[in-house]
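In what follows, a single structure is set out as structure tokens and then discussed.
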Amino acid sequence: MSDQQPPPRWGPPPVAPHGAPHGAPHGAPHGAPHGAPHGVYGPPQAREVTASYRRWTVVITWAAVVVAVLMAFALVMSIVFLVWADQDTRNAAYGYLALVLWVGIAAGVPVLIAVTISARDMRRRVREWSRAGNTPF
């Protein structure tokens with residue numbers, strides 16, 4: 001660390017001293033609500049839900065549905081492949097294909113979880129925005 005740089009500050013943001021006037025206009029930092037004491041910030045404000053955000057909510061929701069359907073289909077097909085491989089030794093390659101499908105399912109589970117959680121949170125935010133009396137467009 002250089003001598004010209006101040007040391008890093010650890011811990012919570014500073015709070016106005018006990019004797020300082022509450023909500024002094026000169027001491028409030030940029031972005032703090034008017035009348036807030038120095039070092040105290042309000043909760044972040046949620047941004048507006050735009051039409052683009054609503055479109056992406058639908059796209060991500062359908063992506064989660066498509067991934068789930070593909071994984072269910074892969075699971076069913078892997079069982080079918082195992083049955084075919086068990087019926088005749090000439091069809092043993094189907095067993096390996098079932099294993100490949102299981103690897104694909106295992107790789108797809110984190111993707112499905114991530115897309116599902118994102119879609120759920122986005123849909124919840126759109127629903128809460130609509131319930132608050134805001135117009136959809």
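Count residues from 1 along the sequence.
- Expressed to the nearest 0.5 Å, how far CZ of Phe81 lies from CG of Leu99 amounts to 12.0 Å.
- Pairing each heavy atom of Ala85 with each of Gly95, the nearest pair is CB-N, 3.4 Å.
- Hydrophobic clustering, with ILVMFWY side chains joined whenever heavy atoms are under 4.5 angstrom apart, groups Ile60 together with Tyr53.
- Here the side chains of Val109 and Met71 are in contact, with some heavy-atom distance below 4.5 Å.
- The distance from the CE atom of Met77 to the CH2 atom of Trp84 is 5.0 Å, given to the nearest 0.5 Å.
- Hydrophobic clustering places Met122 together with Val59 (ILVMFWY residues linked when any side-chain heavy atoms are closer than 4.5 Å, directly or through intermediates).
- Using a 4.5 Å heavy-atom cutoff, the side chains of Glu48 and Trp129 are in contact.
- Hydrophobic clustering of Ile, Leu, Val, Met, Phe, Trp and Tyr side chains at less than 4.5 Å, counting indirect connections, unites Val69 with Trp62.
- Atom CG of Asn91 is separated from atom CG of Leu82 by 12.0 Å, given to the nearest 0.5 angstrom.
- Rounding to the nearest 0.5 Å places CZ of Arg124 at 7.0 Å from CZ of Arg127.
- Within a 6.0 Å radius of CZ in Phe73, no more than 12 heavy atoms belonging to other residues, nucleotides or ligands are found.
- In the hydrophobic clustering of ILVMFWY residues, with side-chain heavy atoms under 4.5 Å counting as a link, Ile79 and Val76 come out apart.
- Remark: side-chain polar atoms of Ser118 are not paired, donor with acceptor, to backbone N or O of Val115 under 3.5 angstrom.
- There is a path of hydrophobic side-chain contacts, each under 4.5 Å, that joins Trp102 to Val67.
- Considering OG1 of Thr57 and CZ of Arg125, their distance stands at 8.5 Å, rounded to 0.5 Å.
- No more than 12 heavy-atom neighbours from other residues, nucleotides or ligands sit within 6.0 angstrom of OH on Tyr94.
- Rounded to the nearest 0.5 angstrom, Leu112 CG and Ile105 CD1 are separated by 11.0 Å.
- Taking 4.5 Å as the limit, every side-chain heavy atom of Arg54 sits out of range of all side-chain heavy atoms of Val58.
- Here the closest heavy-atom approach between residue Val111 and residue Ala107 is recorded as CG2-O, 3.9 Å.
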